[in-house]
Amino acid sequence: MTVELELNELMRVRRDKLAELRAKGVEPFGQKFERTHLSSDILDNFETLEGQAVVIAGRLTAKRGHGKAGFANLQDLKGQIQIYVRLDDVGEENYEIFTKADIGDILGIAGTVFKTKKGEISVSATQVTMLSKSLRPLPEKWHGLQNVELRYRQRYVDLIVNPEVRDVFMTRSRIIRAIRNYLDSNEFLEVETPMMQPIPGGAAARPFITHHNALDIDLYLRIAPELYLKRLLVGGLERVYEINRNFRNEGISTKHNPEFTMLELYQAYGDYEDMLRLTEDLISHTAQVVLGTMEIEYQGEKINLTPPWTRLPMLDAIKQYAGVDFTQITSDEQAREAAKGLGLKVDKDATRGNLINDIFEEFVEPKLLQPTFVIGHPVEISPLAKRNVQDPRYTDRFELFITAREMANAFSELNDPIDQKERFQKQVEQRAGGDDEAHMMDEDYINALEYGMPPAGGLGIGIDRLVMLLTDSPSIRDVLLFPQMKPRD
RNA sequence: GAGCCAUUAGCUCAGUCGGUAGAGCACCUGACUUUUAAUCAGGGUGUCGCUGGUUCGAGUCCAGCAUGGCUCACCA
């Protein structure tokens, strides 16, 4: 970033102070600094620390001068603590560092723990060290940084002045750690598979394209790790998971970011019902570990994550919420009539399976606030899922909805290479017909299946959406440190 | 991609009917050795998002553009 040629007065004043410090032989950008305590250590253990010498460091967030003494607040990883600096205690040179210090500067303070007569636990300084001079003014102490665009573009400022933002990202970290701990203790192996793929598979989505110069080939940023993880089942790894980024070249919204984090896991010799129980257990357990409760509130709505969760066959859901009984509808033609009757825009070669999905999304999805497993998706929209034994028009699959959002997707994995190849073929035809989100043919994946993949259950959970739910965040941008933004200028 | 809304000082925001640009915090000068949204006295620091248009005169009215937010579309 280029330095602005014209500095405003606030920035000029800070640069002047920087120069004055240097002129007095004080280096404004300091070195390694040994702390003995964090703010919370002192606040939580005042009784034992009172009168003891401590060394703390942090950012100056407020300053209250009183002539030849002054108070200030110092913010570190764990919060804030008040410091008290007296000319008589620290001497002329150190006191000048304190008086010259601006809000935003990073200071090191050696001092003694005490409590003021108003009862605030504080550190009375014996030595003040300038560790980093701040050259830009921080937003106002009372309102913080409200401008949403600036909060996302300059997250570092947001994190300094809005403490609740830091809490969200600490919670995010704990959620992911809880998930890893759960899976690790259930014999799942964490693996990493390619982000750059010659054939992007495992989901219906438009990919990002990039180019490898030395190989002179186009590569795609992955839209899902699925096909690679299942190759590992073929290889005998039996229980694998990956928590990592997917990339989809689609619109940006409060629920979508071009790169987002997914958990995918596969369990050999299991099926979608195992995945259902695992999902229920994993998410409720994570809420309990991280939040200490399974009864949460999302944007004013009470959500109860206590198992068991509702299981709702997809056709029952449609009958209940849209009033259409698809057990009586057997042809694509009949399905198109039914969808039209509901006021949906219907493509002239839409299949029965596609329309079941359309009707579901329109009439059922918005109603599913409490955790609900929707079970039994049409095979047309599930090209990687195993068919149901009783009725091969459907798959052994579920999606989990909470707060009307898809949180998880799971199925019994299709391990018949001949059926899989035919389904890819259908996708390729749809692709040729203009559907650029349809799957491409992945010959090597078929090759892997031909060696034999154990029957397996597979599961995907959108981590960002789960974090939104558990941190009561209305936008995905609130749970991503650096959400995608259009560059300025 | 479409609709609606927003954009004024470093930050949070006012700005009436079109008539010389405002407040609080922050900042600067001075006072003050237990304050805490410290206090007291003084000081306004600005490309009113950008470009055009209407007008004697535009922060204000009109058009276009940019960025952002929300909703919808697409999707997880």
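To find a chain, count down the sequence lines: A is the first, B the second, and so on, and within it residues start at 1.
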Could you check which of [options] has an atom nearest any side-chain atom of [X]?
| X | options | value |
| --- | --- | --- |
| Pro137(A) | A76(B), U12(B), G10(B) | G10(B) |
| Asp102(A) | C74(B), C28(B), U35(B) | C28(B) |
| Ser122(A) | U33(B), G68(B), U35(B) | U35(B) |
| Glu120(A) | U67(B), A76(B), U35(B) | U35(B) |
| Arg153(A) | U67(B), U12(B), C28(B) | U67(B) |
| Glu140(A) | A76(B), C32(B), C25(B) | C25(B) |
| Asn8(A) | G10(B), A76(B), U35(B) | G10(B) |

Distance in angstrom units between [X] [atom1] and [N] [atom2], rounded:
| X | N | atom1 | atom2 | answer |
| --- | --- | --- | --- | --- |
| Leu10(A) | C11(B) | CG | P | 10 Å |
| Arg15(A) | G10(B) | CZ | C1' | 14 Å |
| Arg12(A) | A26(B) | CZ | P | 20 Å |
| Phe247(A) | A76(B) | CZ | P | 17 Å |
| Glu365(A) | C72(B) | CD | C1' | 15 Å |
| Lys100(A) | C27(B) | NZ | C1' | 14 Å |
| Asn357(A) | A76(B) | CG | C1' | 13 Å |
| Asn147(A) | G49(B) | CG | P | 13 Å |

[N] to [M] separation - [atom1] atoms, rounded to the nearest Å:
| N | M | atom1 | value |
| --- | --- | --- | --- |
| U16(B) | G22(B) | C1' | 13 Å |
| U34(B) | U39(B) | C1' | 14 Å |
| A14(B) | G49(B) | P | 14 Å |
| G46(B) | C32(B) | C1' | 33 Å |
| U47(B) | C11(B) | P | 12 Å |
| A41(B) | U60(B) | P | 37 Å |
| G64(B) | C25(B) | C1' | 37 Å |
| C4(B) | A73(B) | C1' | 15 Å |

Proximity of Tyr84(A) and Phe71(A) rings by center, below 6.0 Å: yes
Report yes if the distance between the aromatic ring centroids of His377(A) and Tyr394(A) is under 6.0 Å, otherwise no. no
Describe the nucleic acid contact of [X] in one word from base, sugar-phosphate, nothing, applying a heavy-atom distance below 4.0 Å.
| X | value |
| --- | --- |
| Asp436(A) | nothing |
| Arg206(A) | nothing |
| Arg477(A) | sugar-phosphate |
| Tyr152(A) | sugar-phosphate |
| Thr254(A) | sugar-phosphate |
| Gln82(A) | base |
| Glu406(A) | sugar-phosphate |
| Lys486(A) | sugar-phosphate |
| Leu145(A) | sugar-phosphate |
| Leu87(A) | nothing |
| Met485(A) | sugar-phosphate |
| Asp88(A) | base |

For [N], which nucleotide in any strand shown is its Watson-Crick or wobble partner with both distances under 3.5 Å?
| N | answer |
| --- | --- |
| C27(B) | G43(B) |
| U16(B) | none |
| C32(B) | none |
| A6(B) | U67(B) |

Among Arg423(A), Arg231(A), Lys230(A), exactly one meets salt bridge (charged side-chain N to carboxylate O under 4.0 Å, His left out) together with Asp442(A). Which residue is that? Arg231(A)
Phosphate OP1/OP2 of A38(B): any Lys141(A) side-chain N/O under 4.0 Å: yes
Under 4.0 angstrom between Lys118(A) side-chain N/O and A38(B) OP1 or OP2: no
Is there aromatic stacking of Trp142(A) against G24(B), centre distance under 5.5 Å, plane angle under 30°? no
Heavy-atom pair of closest approach, residues Phe424(A) and Tyr445(A): CE1-CD2, 3.8 Å
Just do the salt bridge (Lys or Arg N to Asp or Glu O under 4.0 Å) check on Glu365(A) and Lys367(A) with the steps written out, would you? CA-CA 5 Å; Glu365(A) 218 180 278; Lys367(A) 307 281 173 41; over 6 Å; no
Using 0.5 Å steps for rounding, measure from the CD atom of Gln267(A) to the CG atom of Asp274(A). 5.5 Å
Show the numbers, then the answer: is there a side chain to side chain contact (heavy atoms under 4.5 Å, CB included) between Leu480(A) and Asp464(A)? CA-CA 8 Å; Leu480(A) 299 172; Asp464(A) 308 294; 3.3 Å; yes
Considering only residues two or more places apart or on different chains, which pairs with a residue in residues 109-132 of chain A satisfy side chain to side chain donor-acceptor pair (under 3.5 Å)? Gln82(A)-Ser122(A)
Of Glu259(A) and Val148(A), the one whose closest RNA chain B nucleotide lies more 5': Val148(A)
Residues within residues 59-67 of chain A bordering RNA chain B, heavy-atom distance below 4.0 Å: Arg64(A), Gly65(A), His66(A), Gly67(A)
Exactly one of Phe373(A), Trp309(A), Phe360(A) should register a ring pair (Phe, Tyr, Trp, His ring centres under 6.0 Å) with Phe401(A). Which one does? Phe360(A)
Partner residues of Tyr228(A) under the side chain to side chain donor-acceptor pair (under 3.5 Å) criterion, sequence neighbours left out: none
Start with the C-alpha gap between Tyr266(A) and Glu226(A), add the side-chain angles, then the distance that decides, and say whether side chain to side chain contact (heavy atoms under 4.5 Å, CB included) holds. CA-CA 9 Å; Tyr266(A) 294 86; Glu226(A) 174 157 353; 3.0 Å; yes
